[in-house]
There are 2 protein chains.
Amino acid sequence: MSTETPAIGRPRAFDEETVLARATEVFWQYGYEGASLSALTGAMGINRPSLYATFGSKEQLFRRAFARYHEDKVANVRTALAQPTAYGAIEAFLRSSADGLTAGDHPAGCLSIQGGLACSPENGRISEVLAAGRAETEAALGERMSRAAAEGDLPDGVDARALARFVMTLSEGHAVHAAAGASREDLQASVDIALRAVMGPARG
Amino acid sequence: MSTETPAIGRPRAFDEETVLARATEVFWQYGYEGASLSALTGAMGINRPSLYATFGSKEQLFRRAFARYHEDKVANVRTALAQPTAYGAIEAFLRSSADGLTAGDHPAGCLSIQGGLACSPENGRISEVLAAGRAETEAALGERMSRAAAEGDLPDGVDARALARFVMTLSEGHAVHAAAGASREDLQASVDIALRAVMGPARG
DNA sequence: CCGCTCACCAACCGATCGATACAAAACCTG
DNA sequence: CAGGTTTTGTATCGATCGGTTGGTGAGCGG
């Protein structure tokens with residue numbers, strides 16, 4: 001809708017997707033509330049009226065940024081979950097997650113968590129949007145695990161939803177760790193340990 | 001130092017520890033930047049000048065609040081790590097952590113993470129303080145695991161530091177989950193799965 | 001080249017941010 | 001009850017917050 005260049009009038013001096021990517025990085029690093037309009041416009045290379053004319057408001061800009069980020073993430077998750085076994089799916093999910101959290105071409109950690117785990121009351125919707133995104137990922141993971149359980153691909157007595165929650169939780173913890181400076185190797189060593197829990201039978 | 005009542009002058013109309021506890025809850029729920037002075041003084045039942053006379057600044061108030069919180073947490077961790085076996089220590093740590101994250105007498109989640117995982121540039125020190133607190137917990141966990149490894153209480157080839165990081169990571173992930181509304185049972189089910197990873201030999 | 005349409009930019013809006021100045025009130029000492 | 005000392009409440013500080021207003025000028029259709 002707003003991406004096609006209108007035939008008349010002065011053309012835009014910036015690319016919408018490019019400046020959205022810049023804004024995403026600012027939100028990613030400083031969080032929704034920590035990212036001021038000045039910081040955003042500075043990184044995007046545009047000024048306030050251009051931002052508002054293009055995106056509407058700071059909140060709508062954030063939602064666009066997160067939607068983009070989330071779509072990418074969902075695509076990665078889908079790829080990981082396409083592995084033929086539950087173990088393979090979990091390993092692919094956790095390893096690609098750990099890689100993504102520590103990749104050098106963007107801020108460390110995860111926008112879903114950095115963005116605004118806690119917000120002031122008037123920005124509570126931001127936290128909700130982010131939590132909903134994470135819940136969606138966990139649900140996809142849970143469905144894959146349920147399928148695996150039905151196929152006999154998981155030991156008897158394994159709770160598929162709990163397993164998905166465990167995997168998702170570990171990934172979220174890795175995001176916290178990555179934001180605090182943990183390296184890719186640190187995270188992968190943690191994944192090594194987690195994978196030992198996946199296939200083992202229930203203890204007791 | 002500031003807790004003893006001076007012999008002269010008008011006495012304080014509030015208890016310092018009480019209002020500090022109230023402030024802690026506000027920071028816990030909304031984060032450092034999301035907790036405005038108005039919200040803080042409102043919850044503490046005092047007005048701005050009293051706050052500044054007592055605590056110095058918003059940042060110093062937060063540091064006091066977090067120090068108090070962290071001391072309590074360290075005490076709990078010490079108790080958990082006093083278990084005779086590594087498995088027992090990890091289980092006690094994760095279970096008490098999961099309970100604490102979902103207890104009803106304070107905001108869900110963990111102040112160390114809710115407080116300010118991401119902050120604006122001028123509040124970057126807040127994130128550092130919180131990360132340092134978490135790192136201290138992980139270090140204590142790591143030392144306990146190292147001791148266990150030296151005692152033959154862990155399978156050969158287990159990396160004690162990586163195991164500590166795994167456990168700490170899971171706890172941090174639980175904090176994220178709890179903040180999004182996960183129940184105590186949800187978290188404990190995740191702990192059940194994690195514990196399966198602790199004692200198993202390295203796969204492969 | 002004219003005229004229309006839009007994007008650009010500087011300056012500014014009210015509201016709120018964290019932090020203070022000042023004077024009245026409360027308590028202890030003498 | 002007077003003098004000294006500290007806390008309390010109100011009212012406000014400058015700075016910054018997210019968001020907006022007009023004037024200017026770039027580019028296209030005629």
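Just so you know, these numbers use all the heavy atoms, side chains as well, and skip hydrogens, waters and symmetry mates. Order of the sequence lines sets the chain letters (A, B, ...), proteins ahead of strands, with each chain counted from 1.
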* Where does the angle between the aromatic ring planes of A:Trp28 and A:His106 fall among parallel (under 30°), tilted (30 to 60°) and perpendicular (over 60°)? ->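 If you compare the ring of A:Trp28 with that of A:His106, the planes turn out parallel.
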* Whole-Å distance between D:dT7 C1' and B:Leu51 CG? ->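 B:Leu51 atom CG is separated from D:dT7 atom C1' by 14 Å.
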* Asked: What is the distance, rounded to the nearest whole Å, between atom CZ of B:Arg12 and atom C1' of C:dC28?
  ->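 These atoms are roughly 17 Å apart.
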* Start with the C-alpha gap between B:Glu172 and A:His174, add the side-chain angles, then the distance that decides, and say whether side-chain hydrogen bond (donor to acceptor under 3.5 Å, both in side chains) holds. => CA-CA 8 Å; B:Glu172 291 164 346; A:His174 282 155; over 6 Å; no
* Sugar-phosphate, base or nothing in reach of A:Ala53, heavy atoms under 4.0 Å ->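 Touches nothing.
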* Asked: What nucleic acid atoms does B:Phe14 come within less than 4.0 Å of, heavy atoms only: base, sugar-phosphate, or nothing?
  ->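 Answer is sugar-phosphate: B:Phe14 comes under 4.0 Å of backbone atoms only.
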* Asked: In terms of side-chain geometry, is the basic nitrogen of B:Arg161 or B:Glu138 positioned less than 4.0 Å from the acidic oxygen of its partner?
  ->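 Looking at B:Glu138 together with B:Arg161, the answer is no, because their closest N to O distance does not fall below 4.0 Å.
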* Before giving the answer on side-chain hydrogen bond (donor to acceptor under 3.5 Å, both in side chains), spell out for B:Asn123 and B:Glu59 the whole-Å C-alpha distance, their side-chain angles and the decisive distance to 0.1 Å. => CA-CA 9 Å; B:Asn123 292 324; B:Glu59 176 170 348; over 6 Å; no
* Hey, does the side chain of A:Asn47 come within less than 4.0 Å of C:dC9's phosphate (OP1/OP2), counting only N and O? ->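 So the side chain of A:Asn47 is within the cut-off, an N or O lying under 4.0 Å from OP1 or OP2 of C:dC9.
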* For C:dA7, does either OP1 or OP2 sit under 4.0 Å from a side-chain N or O belonging to A:Ser50? ->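 A:Ser50 to C:dA7 OP1/OP2: no side-chain N or O under 4.0 Å.
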* To do: Using modelled atom types only, decide if a donor and an acceptor are shared between the side chain of A:Ser50 and the backbone of A:Ile46 within a distance under 3.5 Å.
  =>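 Checked: no pair found.
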* Asked: Between B:Arg184 (side chain) and B:Thr102 (backbone), is there a donor-acceptor pair under 3.5 Å?
  ->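 Checked: no pair found.
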* Can you give one letter per nucleotide of nucleotides 12-25 of chain C, 5' to 3': B if a protein heavy atom sits under 4.0 Å from the base, S if only from the sugar-phosphate, - if neither? -> -----SBBBB---B
